Amino acid sequence: MSDVVVIGGGAAGCMAALAAAEKGASVTLLEHNPKLGRKLYITGKGRCNVTNDCTPQEVLRNIPQNSRFLTSAITRFPPEQVKEFFQRQGVPLKTERGNRVFPQSDRAADIIDALLHALRRAGVSIVQDRAQELRRTETLLEGVEGEQGFYPCRAVVVATGGVSYPLTGSTGDGYQMAQELGHTVLPPRASLVPLVAEQSFCARMQGLSLRNVAIQVKTDKKKTIYAEQGELLFTHFGLSGPLILTASAHMRNYEREHYYIRLDLKPALDEEKLDQRLLRDLEEQSNRDFCHVVEGLVPRLMVPVLLELTGIPGDLKAHSVTRAQRRRLLETLKGIRIDISGPRPVEEAIVTSGGVKVSEVNPTTMESKLAPGVYFAGEVLDADAYTGGFNLQIAWSTGRAAGESAGERALG
């Protein structure tokens with residue numbers, strides 16, 4: 001019999017198992033994948049954006065959903081302590097643009113190896129098995145029923161993740177366990193996810209990546225809900241890339257709102273300076289076809305789309321471009337409208353929004369208010385953040401809080 005069973009070998013589960021073991025509890029970690037941390041391998045494009053080098057308050061400002069619930073956990077185990085933890089495990093870290101923290105090696109495998117070695121040193125028993133249900137009497141937790149056997153224990157940490165990237169093991173098992181305990185589970189939705197565009201011209205530019213562009217996400221009431229500069233990618237279905245993934249986290253009411261994006265291809269130039277640039281280019285290339293002038297302004301793959309959007313013939317000589325046509329070109333460069341029909345499926349999202357209702361969980365201990373001895377950590381909870389290492393910070397912090405509390409309860 002173990003004091004604590006942790007279900008799920010991702011970021012939150014590994015941290016919970018370590019925290020419980022540090023309290024002196026005997027711990028069994030159940031993971032149905034052959035290896036721990038499958039999802040960690042793909043975070044940060046395979047580099048693992050461990051956390052964000054900022055204050056707890058800044059972390060909380062980057063959590064649009066239920067940040068108040070996470071205040072205690074993140075304050076007690078903030079980014080600074082996460083960094084110290086991994087550096088103690090022998091993983092040198094570095095901080096990049098946007099205060100994103102990565103291993104110096106740029107290898108997510110180094111983070112996973114560090115967790116695995118720490119778990120082994122702490123005496124955690126790692127078992128490859130899939131948990132099926134929590135066995136309880138009316139008032140007492142008995143243990144975890146797995147496909148391969150029964151694991152008796154005094155406390156359980158459910159850290160099974162959401163439903164994004166199901167091939168990594170995030171299949172929503174924890175939601176079912178929570179519901180069987182009487183918990184409310186808010187329907188999982190995609191967050192940090194590519195977006196489907198209504199316009200077909202996005203597909204015609206499939207594979208084109210744009211750096212240093214700016215977007216505004218607007219509603220039909222012309223309210224701007226997000227504005228930022230960065231990198232985006234055109235795909236066969238619409239838009240992806242860091243800028244779009246972050247924007248998607250702000251787009252939460254597709255049932256009630258229609259969203260569209262204003263894409264500024266020249267954010268470094270205001271309209272006056274851009275108009276001067278266009279005048280100069282048209283004058284210097286006055287005898288060339290207009291399409292060749294445009295090639296100096298945007299990537300070649302975008303030229304046919306820009307011509308279509310402006311309605312200016314590509315074979316028109318530059319010296320024949322009218323003032324009104326030049327104005328249409330300027331307005332298009334500064335504000336291509338892309339209507340969004342919705343997000344890609346939740347399985348393609350980096351993180352899941354929705355999950356166990358946090359009002360039914362103790363924010364200090366992560367213990368279920370409905371089922372004593374059961375704790376929740378990580379993405380299984382209804383809490384998600386923007387990109388930049390904040391979602392992993394949630395996993396580390398809630399895992400730490402749940403593991404420590406479970407260990408203390410199990411030891412009485």
Side-chain angles (χ1 to χ4, degrees), residues 97 194-220 222 224-248 251 258-341 344:
R97 181 177 56 84
L195 300 174
V196 180
E198 293 182 9
Q199 286 87 348
S200 61
F201 61 70
C202 289
R204 287 160 55 194
M205 296 185 286
Q206 178 180 349
L208 176 61
S209 178
L210 299 178
R211 296 177 180 271
N212 299 319
V213 295
I215 65 168
Q216 290 180 314
V217 179
K218 292 177 172 287
T219 66
D220 272 348
K222 298 188 177 178
T224 300
I225 62 169
Y226 176 74
E228 191 55 83
Q229 188 169 326
E231 179 182 352
L232 64 76
L233 173 71
F234 290 103
T235 71
H236 67 283
F237 55 77
L239 298 168
S240 189
L243 197 54
I244 296 302
L245 296 179
T246 301
S248 72
M251 303 160 73
H258 173 77
Y259 299 105
Y260 66 94
I261 287 173
R262 284 282 183 193
L263 171 59
D264 184 350
L265 298 171
K266 302 292 180 183
L269 300 175
D270 61 25
E271 288 196 3
E272 183 180 349
K273 289 181 178 177
L274 180 56
D275 195 38
Q276 292 171 358
R277 161 83 186 273
L278 296 179
L279 268 171
R280 186 175 68 249
D281 288 358
L282 290 168
E283 288 173 357
E284 290 176 352
Q285 305 176 64
S286 60
N287 292 319
R288 302 192 74 195
D289 289 347
F290 177 67
C291 62
H292 296 307
V293 178
V294 175
E295 286 177 358
L297 296 168
V298 298
R300 183 166 294 183
L301 196 58
M302 184 173 259
V303 172
V305 172
L306 208 64
L307 295 177
E308 180 181 301
L309 292 174
T310 59
I312 304 173
D315 59 358
L316 182 70
K317 295 301 180 184
H319 61 74
S320 298
V321 173
T322 67
R323 183 176 181 179
Q325 288 173 325
R326 191 179 81 240
R327 182 66 194 176
R328 286 208 302 276
L329 175 59
L330 185 150
E331 290 174 349
T332 303
L333 289 169
K334 295 294 288 182
I336 296 176
R337 174 168 172 148
I338 303 173
D339 291 274
I340 303 302
S341 60
R344 289 291 285 176

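Everything numeric here is computed off the predicted structure, so don't read it as measured data. Atom set for the values below is all heavy atoms of this structure, side chains included, hydrogens, waters and symmetry mates excluded.
Of the N and O atoms on the side chains of Asp339 and Gln199, at least one donor lies less than 3.5 Å from an acceptor on the other residue.
No side-chain heavy atom of Leu333 sits less than 4.5 Å from a side-chain heavy atom of Leu269. Using a 4.5 Å cut-off on side-chain heavy atoms (C-beta onward), Lys317 and Asn287 make no contact. Lys222 is listed as a side-chain neighbour of Tyr260, based on a closest heavy-atom distance under 4.5 Å. Leu245 places a side-chain heavy atom less than 4.5 Å from the side chain of Pro194. Counting heavy atoms from C-beta on, the side chains of Leu278 and Leu297 come closer than 4.5 Å. Contact of the Val321 side chain with the Leu316 side chain is registered, since non-hydrogen atoms from C-beta on lie closer than 4.5 Å. In this structure, His258 and Glu198 have side chains that are in contact, with non-hydrogen atoms separated by less than 4.5 Å. Side chains of Leu210 and Val298 form no contact here, defined as non-hydrogen atoms less than 4.5 Å apart.
Within the model, atoms CD of Gln325 and CD1 of Ile312 stand 5.0 Å from one another, a figure rounded to the nearest 0.5 Å. We find the CG-NE2 distance between Asp281 and His292 to be 14.5 Å, quoted to the nearest 0.5 Å. Expressed to the nearest 0.5 Å, how far CG of Asp264 lies from CG of Leu274 amounts to 8.5 Å. In this structure, the separation between CE on Met251 and CG on Leu195 is 5.0 Å, given to the nearest 0.5 Å. Atom-to-atom distance recorded for Leu306:CG and Leu301:CG is 12.0 Å, nearest 0.5 angstrom. Rounded to the nearest 0.5 Å, atoms CG (Leu232) and CG (Leu263) are 5.5 Å apart.
The two residues Gly230 and Leu243 have their closest heavy-atom pair at N-CD2, 3.7 Å. Closest approach of Gly314 to Asp289, counting heavy atoms only: O-CB, 3.4 Å. Residues Gln216 and Ala227 come closest through the heavy atom pair CG-CB, 4.1 Å. Here the closest heavy-atom approach between residue Ala318 and residue Gln285 is recorded as CB-O, 3.1 Å. The two residues Leu239 and Cys202 make their nearest non-hydrogen contact at CD2-SG, 4.3 Å.
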Pair Arg326, Leu282 - check side chain to side chain contact (heavy atoms under 4.5 Å, CB included), show working. CA-CA 9 Å; Arg326 191 179 81 240; Leu282 290 168; 3.9 Å; yes

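A salt bridge links Glu308 with Arg204: the distance from a Lys NZ or Arg NE/NH1/NH2 to an Asp or Glu carboxylate oxygen falls below 4.0 Å. A salt bridge links Glu271 and Arg327; the closest N-O separation between the charged side-chain nitrogens and carboxylate oxygens is under 4.0 Å.
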